[in-house]
Every structure is written in structure tokens, then in C-alpha cells.
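Residue numbers start at 1 and run along the sequence shown. Please read all numbers here as calculations on a predicted model, not as lab measurements.
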Amino acid sequence: MAYSKKEIENIFNAICDRIEQGESLRSVLRDDNMPSSQTFYIWVDSDELKSKQYARATELRAENIFDEIFDIADDGRNDFTQKNTSDGVIEVFNSEHVQRSRLRIDTRKWALSKMNPKKYGDKVGIDHTTKGETMPPIHINVTSEKAKKLIEDL
């Protein structure tokens, strides 16, 4: 389907708005009257401004997902449920809800680490400095013939 420049602008802006709100590009493009992913990427690749707009939308989506983590963690409304017993109604811990909240948080943390690893990924640091100390050599006593043969082959 051929789109006019005005239609492209309107559709592209609508797509970016929905991405900013947390929807994936894939889910947005599934809707009726949306372009194919191929068409969308042609628009992005052929226009530097659209490329920047899309990149910014994905950054804002990550920020919204980050904020959702706190909302989920702070929401304790369903952490307890009421249960009828012979002694009456009692409140019991709803572990299923808490586990689902944990899963939702962990999923978002994982997704953020893939969307923007520099900002949300695990920081892995290697300290390669020493204070003039060296490790003593390691001496291994090899007793089996098979192990001796493997070492000789190295």
C-alpha cells in the first residue's frame, strides 16, 4: 500500500507514541491499518530524523519499563488474601501473587539489560592491578600415565 507523506508522518508518530508507552514494535504493527515491519524499517532507514525518533522512542520505553519495576514492587494490594476456615475468615499470604510480581520484575530487568546493556546491564569489572605481589608457582604431582601423556602433548 502506498502512503502519502502526511500518512507516513501520522502513522510513524503513532507507532513511536505507542512504543514510548511500553508496547513492542511487533505488537503495534500487528494492528489493522499499520504497515508491515519491512515498510516500517524502510521508513526508518531512509530518513535520519525518523531513525532518531524511533531510537528515542525505544529509550523512553526503557525508562517507562524501569519505572514499572518500582510500581510492581511497591504494589502490595494482593499480597494477602482472605480464606474461609472453620474459625472464620482469616488473611493468608498470597505467595502466587508475590511470585508473579517477582517474575514480572525479573522479566523487565532482563529485558532492560538487553535493550540497553550499558545502562541496565550487569556491571562486570575485572581488577587486573596487583600490588607488586606475584602468585607462587603451582606444582602439580602427576601420578597417572594418562595425565602425564596429556601434559607432554601440550
When rounded to the nearest 0.5 angstrom, what distance separates [atom1] in [X] from [atom2] in [Y]?
| X | Y | atom1 | atom2 | result |
| --- | --- | --- | --- | --- |
| I65 | T58 | CD1 | OG1 | 10.0 Å |
| D74 | I69 | CG | CD1 | 11.5 Å |
| L25 | R18 | CG | CZ | 10.0 Å |
| Q82 | I90 | CD | CD1 | 10.0 Å |

More than 12 heavy atoms from other groups under 6.0 Å of [atom1] on [X]:
| X | atom1 | answer |
| --- | --- | --- |
| E96 | CD | no |
| N33 | CG | no |
| Q99 | CD | yes |

Side chains of [X] and [Y] in contact at under 4.5 Å (non-hydrogen atoms):
| X | Y | value |
| --- | --- | --- |
| I8 | P35 | no |
| K6 | N10 | yes |
| D79 | H97 | yes |
| Y3 | T39 | yes |
| I11 | M34 | yes |
| F80 | N94 | no |

Do the side chains of [X] and [Y] get close enough for a salt bridge, i.e. N-O under 4.0 angstrom?
| X | Y | value |
| --- | --- | --- |
| E20 | R61 | no |
| D45 | K50 | no |
| K52 | E59 | no |
| E23 | R30 | no |

Ring-face cation of K109 near Y120 (centre distance under 6.0 Å, axis angle within 45°):
no

Single-linkage hydrophobic cluster, 4.5 Å side-chain cutoff, [X] and [Y] together:
| X | Y | value |
| --- | --- | --- |
| I19 | L112 | no |
| V28 | Y41 | yes |
| V44 | I15 | yes |
| F70 | L60 | no |

Nearest heavy atoms of S113 and G121, plus distance in Å
CB-CA, 3.9 Å

If you compare all heavy atoms of A57 against all heavy atoms of C16, which two are closest, and at what distance to 0.1 Å?
CB-O, 3.7 Å

Whether the N13 and Q53 side chains hold a donor-acceptor pair (N or O, under 3.5 Å, no angle test) is what I'd like checked.
yes

Could you check whether any side-chain N or O of N116 sits under 3.5 Å from a backbone N or O of K119, counting only pairs where one atom can act as donor and the other as acceptor?
yes

Backbone N or O of D47 within a donor-acceptor pair of the S51 side chain at under 3.5 Å?
no

Run F93 and T81 through side-chain contact (heavy atoms from CB on, under 4.5 Å) and show every step you take.
CA-CA 6 Å; F93 182 67; T81 188; over 6 Å; no

Would a line drawn from the ring center of F12 to the ring center of Y54 be shorter than 6.0 Å?
no

Given D106 and R102, is the side-chain contact (heavy atoms from CB on, under 4.5 Å) satisfied, shown in steps?
CA-CA 6 Å; D106 288 346; R102 179 176 295 168; 3.6 Å; yes

